[in-house]
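What's counted below: heavy atoms across the whole structure, side chains too, no hydrogens, waters or symmetry copies.
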Amino acid sequence: MTTELRGGVGSAIVHDSAHKHVSGEAIYLDDIPNPAGLLHGQIVMSTQAHAKIVSINAEEALALEGVKAIYTAKDIIGHNDAAPIFSNEPVLAEEIVEYVGMPLAVIVADSFKLASKAASMVRIEYEQLEPILTIKEALKKESFVAPDHTLVLGDAKTAISNSQHNLKGSFTIGGQDHFYLEGQIAMAIPQEDNDLIVFSSTQHPSEVQALVAEFMNFDLHKVTVEVRRMGGGFGGKETQPAIMACCAGLAAHELGRPVKIRVCRDDDMIMTGKRHNFEIDYEVGFDSEGVINGVKMQLASQCGNVADLSTSILDRALFHADNCYNLKNAELHGIPCKTHTVSNTAFRGFGGPQGMIVIEQIIDEIARHLQIDALKVRRRNLYGKETDNITPYHQKVEDNIAPEILDQLERTSDYKERRRAVDAFNSKNKFFKKGLAISPVKFGISFTTSFLNQAGALVHVYKDGSIHLNHGGTEMGQGLFTKVAQIVAQEFQVDVERVKITATTTSKVPNTSATAASSGTDLNGKAAQAAARQIRQRLVQFAIQYFGVEAKDIEFKDNQVSLGGKTLSFPDFID
């Protein structure tokens, strides 16, 4: 045992699974050895965007040798709902389909290949309904998943009309697919007393647990959800893994055998949601220096067929539509549009990037209109230090360092010289152009729904001095497990190798929030730190009684515990 601490907070250490990633030894859900009797499920998807379901005919598929069963909405034991916030967001379509790819049924067979073949043989008869496919159509027909929302600061209309210059504009922000390396997948294994263990590639095990339990009409304690690692998530595995988990759970319970549902890439991209696309309209008033006096924005987002997390995402887009700029007079209007397309969902940034793009586009339009460098316009509109620092959502901007950061970046990047070179190049080239820009960013982390900003952790110290760590955060490649282990190692002043990282499971740490909102380390790290400190304090009380020393003489440092005039290694002290 060395006395120099290895791997504490601030140390540059490798990801706990790095060697497994490069060697292929890392066990993802589909790498778990198949349990005895494993069956495979495939989801039958709608081929229509908006239609009534007249009939579902699976006779031909069920006639295949090795096909065990098909389950539709009428077979659901509990509540057919996978809504994370609202309700009426069915796992399996009941009477109407509302997007191409909407799950209609799950068919179960002896193999993945057979289940896929059987799913393609299920015949659906539809009665066509008129679909709404775009934001513009939804706005025209007033098709929304929730009420609109407006942020107001000052009097934007008057400020715009009284300005020296006015501009109006519209533009579109496209969507984006998550394209995680590991696709959507779940495996449910029935246990005695009708309990279920569900392995799910999810950022939110507690939510999957709750939705599977609701789907099955089970108490929560009957469902355990576990995830050791994901091959990426980026928000795409925050809510939508519940579809696969619920379907696998139902089939496993009904058949009394383990069931795995692994969605192929094409089906995954059709069936699951993306980053929200937006239609933007704006009006801005400004002076001859480019200082914004007032701005009106309308941010209309394409939510898809149900709300999912769209209202929270739209809120966050509105909260970021000022970015780093003092808008003074602003009216920011968000509209969550319902369309007959796949339900869009969480995606890295959670609406923040879409909101920031709006004001950055407006800044660029102002600069082009006045024919001045856009960086000058950005500087002139930055939030102030003591004044001019109230956001459209009426929060005071504190610790504002954007001006200093822009100064440093302009200087260290040699921006002015580069700008001259770009302008000179563009003046000589008609078709081939170069661009150059610096944009500040103000980005809010953690959940805007404040009660979600909580976490739990479970820490065991065994009698040989080894430490077992579990918490509610999920590892999707970002190194969360490594960072939280470092925090625990730091608290006990032991090498990080002494801390055993274990899979996230609802049986150890319940009722947790999603690993999302750039808060995984902050929340779970503090929970693990609190647990470690409680145990360390108990160890201090033990040492006071057993060794007859005072608290001030006890120190945990560099794999050792000092007890006045006596020093023990951490394992010897624990033993």
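Here CG of Leu29 is found 4.5 Å from CD1 of Ile185. Values are rounded to the nearest 0.5 Å. Rounding to the nearest 0.5 angstrom, the gap separating the CD1 atom in Ile76 from the CZ atom in Phe215 is 3.5 Å. Between the OG1 atom of Thr506 and the CG atom of Leu220 there is a distance of 8.5 Å, given to the nearest 0.5 Å. Here the CD atom belonging to Glu89 is positioned 9.5 Å from the CG atom belonging to Leu211, to the nearest 0.5 angstrom. Atom OH of Tyr28 is separated from atom CG of Leu181 by 8.0 Å, given to the nearest 0.5 angstrom. Considering CG of Asn470 and NE2 of His460, their distance stands at 8.0 Å, rounded to 0.5 Å.
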Report task. Give the intermediate values and the outcome of salt bridge (charged side-chain N to carboxylate O under 4.0 Å, His left out) for residues Arg262 and Asp30. Result -> CA-CA 8 Å; Arg262 172 167 56 86; Asp30 205 31; 3.1 Å; yes
Query raised in the report: Passes side chain to side chain donor-acceptor pair (under 3.5 Å), His149 versus Asp315? Steps please.
Result: CA-CA 8 Å; His149 188 190; Asp315 279 353; 2.7 Å; yes
Query raised in the report: Phe347 and His178: ring pair (Phe, Tyr, Trp, His ring centres under 6.0 Å), yes or no, with the steps?
Result: CA-CA 7 Å; Phe347 200 117; His178 305 85; 4.3 Å; yes
Report task. List the steps, then state whether side chain to side chain donor-acceptor pair (under 3.5 Å) holds for Ser466 with Asp464. Result -> CA-CA 6 Å; Ser466 62; Asp464 65 351; 2.6 Å; yes
Query raised in the report: Given the rule in the side chain to side chain contact (heavy atoms under 4.5 Å, CB included) test, do Glu497 and Val499 qualify, once you have shown the distances and angles that lead to the verdict?
Result: CA-CA 5 Å; Glu497 292 86 358; Val499 181; over 6 Å; no
Query raised in the report: Under the ring pair (Phe, Tyr, Trp, His ring centres under 6.0 Å) criterion, do Phe443 and His320 qualify, and how do the steps go?
Result: CA-CA 7 Å; Phe443 184 76; His320 287 78; 5.1 Å; yes
Report task. Show your reasoning for whether side chain to side chain donor-acceptor pair (under 3.5 Å) applies to Asn88 and Asp81. Result -> CA-CA 6 Å; Asn88 299 319; Asp81 200 342; over 6 Å; no
Query raised in the report: Should Phe556 and Val494 be marked as a side chain to side chain contact (heavy atoms under 4.5 Å, CB included) after you check the CA-CA gap, both sets of side-chain angles, and the distance that decides it?
Result: CA-CA 9 Å; Phe556 291 73; Val494 297; over 6 Å; no
Requested in this report: Dump the intermediate steps for side chain to side chain contact (heavy atoms under 4.5 Å, CB included) on Glu475 and Met230, then the final yes or no.
Outcome: CA-CA 6 Å; Glu475 176 62 65; Met230 284 169 278; over 6 Å; no
Report task. Evaluate side chain to side chain donor-acceptor pair (under 3.5 Å) for Arg228 paired with Ser201, printing each intermediate quantity in order. Result -> CA-CA 9 Å; Arg228 171 58 181 90; Ser201 184; over 6 Å; no
Requested in this report: Could you walk me through whether Ile13 and Gln486 pass side chain to side chain contact (heavy atoms under 4.5 Å, CB included), step by step?
Outcome: CA-CA 9 Å; Ile13 63 173; Gln486 287 182 273; 3.6 Å; yes
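The minimum heavy-atom distance between Ala252 and Leu196, with the atom names listed, is CB-CD2, 4.2 Å. Counting all heavy atoms, side chain and backbone alike, Ile124 lies closest to Ile53 at CG2-CG2, 4.4 Å. Residues Gly256 and Pro190 share a closest heavy-atom pair of C-CG, 3.7 Å. Of all heavy-atom pairs spanning Asp308 and Ser343, the tightest one is CB-OG, 3.3 Å. Closest of all the heavy-atom pairs between Val488 and Ala528 is CG2-CB, 3.8 Å. When all heavy atoms of Ala138 and Thr339 are compared, the closest pair comes out as CB-CG2, 4.1 Å.
Judged by distance alone, with hydrogens and angles left aside, the side-chain atoms of Glu226 form no donor-acceptor pair with the main-chain N or O of Thr505 at under 3.5 Å. In this structure, Asn453 contributes its side chain and Phe447 its backbone to a donor-acceptor pair below 3.5 Å. Although no hydrogens or angles enter the test, the distance criterion places a donor-acceptor pair under 3.5 Å between the side chain of Ser519 and the main chain of Ala516. Side chain of Ser513 to backbone of Leu452: a donor-acceptor contact under 3.5 angstrom is found. A donor-acceptor pair under 3.5 Å is formed between the side chain of Arg316 and the backbone N or O of Gly444. Of the possible polar contacts, one joining the His340 side chain to the Ile132 backbone as a donor-acceptor pair under 3.5 Å is found. Side-chain atoms of Gln48 never come within 3.5 Å of backbone atoms of His50 as a donor-acceptor pair (strictly under, hydrogens ignored). In this structure, Asn344 contributes its side chain and Gln302 its backbone to a donor-acceptor pair below 3.5 Å. Arg257 places a side-chain N or O within 3.5 Å of a backbone atom of Gly37 that can act as its donor or acceptor partner. Counting only distance, with no hydrogens or angles, the side chain of Glu207 and the backbone of Ala514 share no donor-acceptor pair below 3.5 Å.
Gln529 is linked by a side chain to side chain contact (heavy atoms under 4.5 Å, CB included) to Ile487, Glu491, Lys526, Arg533, counting only residues two or more places apart in sequence or in another chain. Scored by the ring pair (Phe, Tyr, Trp, His ring centres under 6.0 Å) test, His471 finds Phe481 as partners (sequence neighbours excluded). Scored by the side chain to side chain contact (heavy atoms under 4.5 Å, CB included) test, Ala118 finds Ala61, Leu64, Val67, Ile107 as partners (sequence neighbours excluded). Applying the ring pair (Phe, Tyr, Trp, His ring centres under 6.0 Å) rule to Tyr126 yields no partners; only residues at least two apart in sequence or on another chain are considered. Listed by chain and number, the residues in a salt bridge (charged side-chain N to carboxylate O under 4.0 Å, His left out) with Lys483 amount to none (sequence neighbours excluded). Looking at residues two or more places apart in sequence or on another chain, you find a salt bridge (charged side-chain N to carboxylate O under 4.0 Å, His left out) between Asp195 and Lys222.
Inter-residue side-chain proximity for Ile70 and Leu62 is flagged as met; some heavy-atom pair is nearer than 4.5 Å.
Glu25 CD: more than 12 foreign heavy atoms inside a 6.0 Å radius.
Using a 3.5 Å distance cut-off with no hydrogens or angles, the side chains of Asn511 and Ser206 do not pair a donor with an acceptor. In this model, no donor atom of one side chain and acceptor atom of the other lie less than 3.5 Å apart for Thr239 and His204.
For the pair Arg498 and Phe570, the cation does not sit on the ring face, since its NZ or CZ is not both under 6.0 Å from the ring centre and inside 45° of the axis.
Between Asp177 and Arg275 there is no salt bridge, since no side-chain N of the basic residue sits under 4.0 Å from a carboxylate O of the acidic one. Salt-bridge annotation for Glu182 and Arg229: absent, with no side-chain N of the basic residue lying under 4.0 Å from a carboxylate O of the acidic one. A salt bridge links Lys338 with Glu98; the closest basic N to acidic carboxylate O contact falls under 4.0 Å.
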